[in-house]
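Heads up: the structure comes next, in structure tokens.
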Amino acid sequence: MMVSMGAVSKETPVVTIVHDCQVVDIPEELVEEHDITVDYILTPTRVIATGCKRPKPMGITWFKISLEMMEKIPILRSLRAREQQAGKDVTLQGEHQHLPEPGCQQTVPLSVGRRPPDTPGPETNSMEAAPGSPPGEGAPLAADVYVGNLPGDARVSDLKRALRELGSVPLRLTWQGPRRRAFLHYPDSAAAQQAVSCLQGLRLGTDTLRVALARQQRDK
């Protein structure tokens, strides 16, 4: 976002401050294209120059932005309008890109208000957040998968690694480690149901995880 606003560039150094025990090597396969690597790590005992050569993201990856995020973060709407006027692809997550026919002009609405009735999405205006759903969201979607009974010392990277090994990577992962649970967001209910079947019996450490559709978890 800072790149899109013109506040930083690819030459801007990225610095973070952590405790020494938090400095770990992250496998390359866990780093995604929108992740920002750091140039310097400051701990209570040392300054680490990472020497990382991985290119930093040069703007917002719009296809990873959901309609819900657009509703909650107003600045995204302004940045999206600016980049759309510049001719960039600003197609959102779950949004189909409609290509105009030759010789025709097409106007793409920037409004991210109410969804069409048949478009899946949390109905935060009409329903309280249900038990088993992420905070601040409405009823869990049929395309959301609940993962519970996470080990107390589990990290999000542990779960991501397990999902990749099983070939069941979601579009988005909501991590709630302190509550020993996570939510996996898939493109549709069929993909979510397949993930539930695939992840049955999944273990992290010595703990067997509890996996179910988030809507089913709510109904219990």
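Heavy-atom basis, side chains included; hydrogens, waters and symmetry copies ignored.
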Next on the checklist: Please check: side-chain N/O of T16 versus main-chain N/O of I41, any donor-acceptor pairing under 3.5 Å?
Outcome noted: no
Next on the checklist: Counting C-beta onward and ignoring hydrogens, is there a side-chain heavy-atom pair between S66 and M69 closer than 4.5 Å?
Outcome noted: yes
Checklist entry - Mind checking whether L209 and R203 have side chains closer than 4.5 Å, heavy atoms only? => result no
Item to check | N/O donor-acceptor pair under 3.5 Å between S168 side chain and R164 backbone | outcome: no
Item to check | Heavy-atom check, side chain of N149 versus side chain of R180, under 4.5 Å | outcome: yes
Checklist entry - At what distance, to the nearest 0.5 angstrom, does CG of D20 lie from OG1 of T45? => result 3.0 Å
Checklist entry - Would you say V23 and I48 make side-chain contact, with heavy atoms under 4.5 Å? => result yes
Checklist entry - Which other residues end up in the same hydrophobic cluster as V47, if Ile, Leu, Val, Met, Phe, Trp and Tyr are linked when side-chain heavy atoms come under 4.5 Å apart? => result V15, I17, Y40, L42
Item to check | Whether D39 side chain and V14 backbone form a donor-acceptor pair below 3.5 Å | outcome: yes
Next on the checklist: Using 0.5 Å steps for rounding, measure from the CD1 atom of I73 to the CD1 atom of I65.
Outcome noted: 7.0 Å
Item to check | side-chain contact (heavy atoms from CB on, under 4.5 Å) between L173 and K160, worked out | outcome: CA-CA 9 Å; L173 186 156; K160 285 185 175 181; 4.2 Å; yes
Checklist entry - Counting only N and O atoms by type, is there a donor-acceptor contact under 3.5 Å from the side chain of E83 to the main-chain atoms of D89? => result no
Checklist entry - So do the side chains of D207 and L150 get within less than 4.5 Å of each other, counting heavy atoms only? => result no
Item to check | Side-chain donor/acceptor of Q22 to backbone N/O of H19, under 3.5 Å | outcome: yes
Checklist entry - Is any side-chain N of the basic residue among D158 and R161 closer than 4.0 Å to the acidic one's carboxylate O? => result yes
Item to check | Side-chain touch T50/V38, heavy atoms, less than 4.5 angstrom | outcome: yes
Checklist entry - Distance from L79 atom CG to K88 atom NZ, nearest 0.5 Å? => result 10.0 Å
Next on the checklist: Please tell me whether R172 and Y186 have a donor and an acceptor in their side chains that are separated by less than 3.5 angstrom.
Outcome noted: no
Item to check | Nearest heavy atoms of F183 and R181, plus distance in Å | outcome: CE1-NE, 3.7 Å
